[in-house]
Amino acid sequence: MENLINIFVKSIFVENMIFAYFLGMCSYLAVSKTVKTSVGLGFAVIFVLGITVPINYLIENYFLQDGALAWISPELADVNLGFLRFILFIAVIASMVQLVEMIVEKFSPTLYANLGIFLPLIAVNCAILGGSLFMAERDYNTIAEASSYGLGSGVGWFLAIVGIAAIREKIKYSNVPEPLKGLGITFIITGLMGIAFMGFMGIEL
Amino acid sequence: MSEMKEPLFSRKNMRLLKEPINKNNPITVQVLGICSALAITVKLEPSVVMALSVVFVMGFSNLITSLLRNTIPSRIRIIVQLVIIASLVIIVDQVLKAYLYDVSKQLSVFVGLIITNCIIMGRLEAFALSNKPWPSLLDGLGNAAGYGAILVIVGFLRELFGSGTIWGYQVIPDGLFRIGYENNGLFILPPMALIIVGIIIWIQRSRNRELIEEN
């Protein structure tokens, strides 16, 4: 249990998707103009990450890894389907995103309208695929560890986007040098937030 | 049949190639494809390898999508595009693993993340689906070059100031270190990449004022 909480906290603060790996920057920069839409997108990302990472964990461990097919028959023990990883992961993600899109459209049409094009684009949000690929690379031992990693990264992404959205709402009223307005200052603020988040480095529960 | 007469490198086509490098740069102007860009720019070598991989994937995915544009049903086009991109990325990944194993280890998951690089999907949607193969290929190459240019600049600056080397060779003389020069460790850390890109945007926009945003 302690291990799970450790992975969770670590993936939120130390290995934050945005500040440490720059994953999901496209939608992070484009949707972070108001807090409300960014909260919506943040929840969608938590949800999709929380589902796809465990599913891809199962696929990785029972299909893709070297010798993973041994559970079907011993003859298949030396088959390595690792090269199919990208295509299978992205297929799972695309179908999950479709599902989330249908749910959001049904239960919250305003959020659906606000998120607009960015909901289907979660499918190509690097944070989602990145979560699955990091999971595969780090070789988590149980599905519980993988899920807590997925959820944690989602929460980290959520915190980052809500934080930057709040700052951007305020920054509209400040006196930013002309050429830095909009995109430039957002980059620099993200960098500064990243430096602040580095203060969490080395946290271990 | 009038298009047949258009020369391959007509001015219109060259514009497709050149514009994304500066005026319509994917990273600093269109804000696409930052995801996989910045984490690998600590050193120059992985940045160049990454830029070349993206040029390859983007040129060919634009070309293939454009060739198939009349046969892809618009309902399932996202999946078709993802499959095209993913297959190309698998090729890149396997080639890197075979011939440049060290760099491939450094890039780790970021080769796979080319699939979800928004700039590739964005160009497929915005350009390749509605244009002929040759202009699409040029558009893809141009955008990838604009993307790669930023990557190489950032990689160059970070390696120079962060480790005092370029492409692994030491360029800052030992004498400087002896009189008290030190590498700036901040440049190796991830946040610095964001700040460098912010500064590049600042310089670009103050030279080209029509790019300045309203809010």
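Atoms considered below: every heavy atom in the structure, side chains included; atoms not considered: hydrogens, waters and symmetry mates. Proteins get letters first, then strands, A, B, ... in listed order; numbering begins at 1 in each.
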Check the angle between the aromatic planes of [X] and [Y] and answer parallel, tilted or perpendicular using the 30° and 60° thresholds.
X: B:F161; Y: B:F187; result: tilted
X: B:F56; Y: B:F60; result: tilted
X: A:Y28; Y: A:F19; result: perpendicular

query: Most heavy-atom pairs under 4.5 angstrom with chain A, which of B:G112, B:S87, B:A86, B:G122?
result: B:G112
message: Counting only non-hydrogen atoms closer than 4.5 Å, does A:M17 touch chain B with its backbone (N, CA, C, O), its side chain (CB onward), both, or neither?
response: neither
- line: When the 4.5 angstrom heavy-atom criterion is applied to A:I188 and chain B, the contacting part is both
message: One thing to verify: whether B:R205 and A:E178 come together as a salt bridge, which I'm taking to mean a side-chain N less than 4.0 angstrom from a carboxylate O.
response: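 The answer is no: the pair does not qualify as a salt bridge.
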